[in-house]
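Working notes, structure below.
Note that ligands are numbered from 1 as they come in the structure, with each ligand's atoms numbered from 1 the same way.
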Amino acid sequence: METKVLVVGASGQIGTELVSALRKKYGKENVVAGDIKNPKSDSSLLNGHFELLDVLDKEGLLRVVEKYGITDVYLLAALLSATAEKNPSFGWELNMTGLFNVLDLAKENKVKKVFWPSSIAVFGATTPRNDTPQRTIMEPTTVYGISKLAGERWCEYYHKNYGVDVRSVRYPGIISYGALPGGGTTDYAVDIFYKAKAHEKFVCFLDKDMELPMMFMEDAIDATLKLMDANSSDITIRSSYNIAALSFTPHQLFESIRQIVKYFEIEYKPDYRQAIASTWPASINDEVARKDWGWRPKFDLEKMTRVMLENINPDLAG
Ligand code: SER
């Protein structure tokens, strides 16, 4: 059967690039971009099908699935860590009901396969911080982390009890030059490049030494496509896979940028997001993903810094 894809939350940082990659892979007529708001008229999302849709509206979701004969859903609509702390009840509602609406479509055999991202936010202050294992103590303290951990358990539940083919990775902070990130604790690592490119001083909302797991977008997209292509029988984790690429502190990223932007300056003014970050791992052990479906990242800090500075468009940040 031909693969027909729907990406929900297509206008976001990951969605925008995932839609382009999926259109390259499956052909643009086979990939529908869906989002709650219309894209700007020059958005790449409009190079193919686009549907306005709200993941909380199950009927609306079903209408789009039936209209295009969708087989695979990538569910990216969510409130991220910083934003969800500002609006806990809506964060919980969007992140959980959105997931149930999509899992139920798969349970009812309306779609065949689901991708849903989890996050390093599922871990908490009691988790081993370095080389965090696939299976470990998980006591998240943010609304976002709690919703992602609950979501992971539900994904596994739907797989075990209803045979739903749902696949997931725990994304670290994602760094990209396409669409801007929205509302995450790791967003500083994107914001910093806009300031560097504009030759302005960067004020960092995390501490100088706050090491976190990160990944360049191209690797994140690769991981996503690779996991979705894997044989179902090779997938031993139906909650969510640890995946890792880089770990760095704001200071290390600053130094890496300063290799290229010589007079770049930084100041540290940690805010509430520092408290969130301090409960997350510094580095992640991803040996299960490597073994099960051949995950390998390609970008190190130096390569990522170079590609970011070459491609970032300062106009995007406004
Ligand atoms: N980048 C996300 C956040 O900071 C982590 O999943 O919320």
Between ligand 1 and the protein, which N/O pairs fall short of 3.5 Å?
residue, atom, partner, partner atom, Å
ligand 1, 1 (N), T186, OG1, 2.8
ligand 1, 4 (O), S81, OG, 3.3
ligand 1, 4 (O), T185, N, 2.6
ligand 1, 4 (O), T186, N, 3.2
ligand 1, 4 (O), T186, OG1, 3.4
ligand 1, 6 (O), S119, OG, 2.6
ligand 1, 6 (O), Y144, OH, 3.2
ligand 1, 7 (O), S81, N, 3.1
ligand 1, 7 (O), S81, OG, 2.6

Q) Would you say L149 and Y158 are hydrophobically clustered, going by side-chain heavy atoms of ILVMFWY under 4.5 Å? A) no
**Q.** Check: Q134/N285 side-chain N/O donor and acceptor closer than 3.5 Å
**A.** no
Q | Set of residues satisfying side-chain hydrogen bond (donor to acceptor under 3.5 Å, both in side chains) with respect to N311, sequence neighbours excluded | A | none
Q | Short side-chain donor-acceptor distance under 3.5 Å, R129 and S278 | A | no
(Q) If we check salt bridge (Lys or Arg N to Asp or Glu O under 4.0 Å) with D165, which of these qualifies: K113, K107, R238, K160? (A) R238
Q: For the residue pair T185 and S81, confirm or rule out a side-chain donor-acceptor distance under 3.5 Å.
A: yes
